[in-house]
**Q** 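Quick one: structure below, then a few questions.
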Amino acid sequence: MENLFSNHKKSLFLAIFFSILLKLLFFFILYNYNENFYSFADQSKYLDLSEKLLEGNFFDKSFGALRMPIYLIFLALSKLIFQNNIYLIIIFQIFLGSILLFLVYRVALFVNKKVAIISLFLSSISIGFINASIFILTEAIFLIFFLSFFLNLLNFLFQNSDELKLKPLIYCALFFSLSTLTRPITFYFIILILFFFQYFSIKSSLKYISIFFIIFSIVISPWCWRNYKNFGYYKLDASIGPNLIGYYLPYFYSENNKVSQTEVKKYIDDLIEEADHPNPFKASDKAKKIFFKEIKSLSINSIIIPYSSGTIKHLFSPAIIETLYMANIKKTNFSQIQEYKFFKKVYIFLFKNENKIYSSIVIFFSIFSIISIILAFSSFFFLKENKNRTIFFIFLTVILINLILVGPLGSPRYRLVIDPLLIILLSYSIFKIFSKNKINE
């Protein structure tokens, strides 16, 4: 093990090699189980839209304003290069996913070298990272962009020379823009830019923030202009309203009325129909108004409780749930359970599931997930170094933003954006625990 710690190139090669083998194994197992698993859920939508691009319909009105362009372009180019062979496209995504391990390693180096090596090997067995590579979903490239943004943000913040700050700042803005054009949720992480004010004078902060936002505005402007040309709105997307009314509101109504989400579906469907409009941005505005009007009639507890249960589900649900869901394995889905009480639903999902093998697998991985998350957050109790306090505070900010944005929806897939940071926090705890034991010996 000491040789691995001292030889980082060897560690990086071994981790990437093992990660690729594990991803290929997962893919072959799923492919043999159901060779059409990539046509399930959102995957089919991305495949259809990328095909429209290849047919020459370059983001006309028919694409709507809910999907961002970068992954569709990536997928269309991949289909062109690999002659529409989904098998080869997923293998390409698997090899591309190796970049993610390198990025986790580089971010973890800001803590220390041994934590970087531990993070590297934990990343190589991450089910979440496997999912990001083996499915036709935005995660295939989104996390690479987002973690590149985060790495350059750290490079910028901890670069002592003012002259050398410009390069990581430019990369930071570019990767933030690409992340946003892949998944619009990135936009809300813009609060991280407030850290500029913490470390620099007002004059320097204004300069850096101006450069960042100029680059960001330029990169996203073609897409915003496309939306303005087609729909009359110079905005990134029109997903906020539909998400609030279609995904968040059912949780709040379920808790408020003490009924399952399926029992409020008819009422929610009527609200969605009320917000319908040919222009997706006007539909989104109508949906937002309906959402905030409806939410005024709900109790505070009907919002707090779903947020709390969503946070628990978000942090502790094992990523294998997402793997088995996307593989379209027959089972009792969490959303199908006719119960509004969260922990009762969890009990039914785990111990009364129609697929006993499925529930056994989920229980097994849940144990590891719970232990890992508890250990990851325990890292804050081990902190002594001032630099690491700053880094971990930034980590915690990203995690909290993600929890607030996801709210009651809690899902292993939506957690993927913070999984690299949780892996590094877990690695730090492991490093500290073993270091302490070594000193005691």
Side-chain angles (χ1 to χ4, degrees), residues 65-74 96-97 99-100 102-110 132 137-159 164-200 204-227 234-237 239-240 390-391 393-406 414-422 424:
L66 298 178
R67 308 280 175 181
M68 302 303 281
I70 296 295
Y71 184 66
L72 293 175
I73 294 171
F74 166 83
L96 188 67
I99 297 172
L100 192 54
F102 176 72
L103 291 170
V104 172
Y105 167 77
R106 287 289 308 275
V107 171
L109 277 177
F110 278 91
L137 295 170
T138 56
E139 284 83 350
I141 58 172
F142 167 72
L143 201 52
I144 293 173
F145 290 148
F146 187 82
L147 209 53
S148 296
F149 149 69
F150 192 76
L151 173 62
N152 281 286
L153 176 63
L154 294 179
N155 280 330
F156 168 78
L157 292 175
F158 293 104
Q159 179 58 254
L164 296 176
K165 283 184 180 294
L166 187 59
K167 186 176 178 180
L169 178 63
I170 291 171
Y171 283 138
C172 182
L174 284 172
F175 283 116
F176 186 82
S177 305
L178 291 172
S179 299
T180 306
L181 289 172
T182 307
R183 285 180 69 177
I185 193 175
T186 309
F187 182 79
Y188 299 99
F189 288 92
I190 212 153
I191 193 172
L192 291 175
I193 310 307
L194 294 177
F195 283 106
F196 291 172
F197 286 106
Q198 183 179 349
Y199 289 95
F200 313 109
S204 296
S205 293
L206 289 174
K207 180 181 77 172
Y208 295 139
I209 288 173
S210 297
I211 293 171
F212 182 93
F213 279 105
I214 287 170
I215 295 170
F216 176 68
S217 299
I218 291 171
V219 176
I220 68 167
S221 62
W223 187 247
C224 292
W225 176 252
R226 173 262 176 190
N227 288 335
Y234 191 84
K235 290 183 178 181
L236 274 168
D237 75 316
S239 64
I240 297 176
T390 302
I391 293 170
F393 180 70
I394 297 172
F395 281 18
L396 186 60
T397 303
V398 175
I399 292 168
L400 289 175
I401 294 171
N402 180 249
L403 290 174
I404 291 167
L405 291 174
V406 173
Y414 299 144
R415 190 185 63 225
L416 190 62
V417 68
I418 60 171
D419 271 350
L421 308 186
L422 292 172
I424 295 170

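Hydrogens, waters and symmetry mates are skipped; everything else that's a heavy atom, side chains included, is used.
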**Q** Taking C-beta and beyond as the side chain, do F150 and F176 meet within less than 4.5 Å on heavy atoms?
**A** no
**Q** Using the rule given for side-chain contact (heavy atoms from CB on, under 4.5 Å), can you reason through L422 versus R415, listing the C-alpha separation, both sets of side-chain angles and the distance that settles it, and then say yes or no?
**A** CA-CA 10 Å; L422 292 172; R415 190 185 63 225; 4.2 Å; yes
**Q** Counting neighbours of OH on Y234 that are heavy atoms of other residues, nucleotides or ligands and sit closer than 6.0 Å, is the number greater than 12?
**A** yes
**Q** Do F158 and T390 have side chains that approach each other closer than 4.5 Å (heavy atoms only, starting at C-beta)?
**A** yes
**Q** Answer yes or no: is there a side-chain heavy-atom contact under 4.5 Å between F189 and L405?
**A** yes
**Q** Side-chain contact test, heavy atoms from C-beta onward, threshold under 4.5 Å: evaluate it for T182 versus F146 and give yes or no.
**A**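 They are not in side-chain contact.
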**Q** Does N155 form a side-chain contact (heavy atoms from CB on, under 4.5 Å) with R106? I'd like the steps, not just the answer.
**A** CA-CA 10 Å; N155 280 330; R106 287 289 308 275; 4.2 Å; yes
**Q** At what distance, to the nearest 0.5 angstrom, does CG of L166 lie from OH of Y171?
**A** 10.5 Å
**Q** CG/N402 to CD1/I399 distance, rounded to the nearest 0.5 angstrom?
**A**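 Spacing of CG (N402) from CD1 (I399) equals 8.5 Å.
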**Q** Could you grab the distance from atom CG of L421 to atom CD1 of I394, nearest 0.5 Å is fine?
**A** 10.5 Å
**Q** Below 4.5 Å, heavy atoms only, C-beta onward: do F142 and V417 meet side chain to side chain?
**A**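 Contact flag for F142/V417 side chains = yes.
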**Q** Indicate yes or no for a side-chain donor-acceptor contact from W223 to the backbone of L236 under 3.5 Å, with no hydrogens or angles considered.
**A** yes
**Q** Exactly one of T138, I185, L143, T186 should register a side chain to side chain contact (heavy atoms under 4.5 Å, CB included) with S179. Which one does?
**A** T186
**Q** Within the structure provided, determine whether C172 and F156 are in side-chain contact (heavy-atom separation under 4.5 Å).
**A** no
**Q** Identify the two heavy atoms, one from I144 and one from L96, that lie closest to each other, and give their separation to 0.1 Å.
**A**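 Result for this residue pair: CD1-O, 3.7 Å.
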**Q** Indicate yes or no: at least one non-hydrogen side-chain atom of F145 is less than 4.5 angstrom from one of I70.
**A**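 Yes, close enough: below the 4.5 Å cut-off.
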**Q** Could you grab the distance from atom CG of L109 to atom CG of L151, nearest 0.5 Å is fine?
**A**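 If I round to the nearest 0.5 Å, the distance is 9.5 Å.
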**Q** Please check if the distance between the ring centroids of Y71 and F74 is under 6.0 Å.
**A** yes
**Q** For the backbone of S148 and the side chain of N152, can you confirm whether one donor and one acceptor N or O come within less than 3.5 Å of each other?
**A**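 Side chain of N152 to backbone of S148: a pair is present.
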**Q** What distance do I418 atom CD1 and I424 atom CD1 have between them, rounded to the nearest 0.5 Å?
**A** 12.5 Å
**Q** For K235, does its backbone N or O pair with a side-chain atom of N227 as donor and acceptor, under 3.5 Å?
**A** yes
**Q** More than 12 heavy atoms of other residues, nucleotides or ligands under 6.0 Å from CG of L66: yes or no?
**A** yes
**Q** How long is the gap from CG on L178 to CE on M68, to the nearest 0.5 Å?
**A**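 So the CG of L178 and the CE of M68 are separated by 11.0 Å.
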**Q** Can we call the ring centroids of F175 and F149 under 6.0 Å apart?
**A** no
**Q** Side-chain contact, heavy-atom cut-off 4.5 Å: R183 with E139?
**A**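 The answer is yes, as the side chains (C-beta and beyond) meet within the 4.5 Å cut-off.
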**Q** Suppose we call two aromatic rings close when their centres sit under 6.0 Å apart. Are F213 and Y208 close by that rule?
**A** no
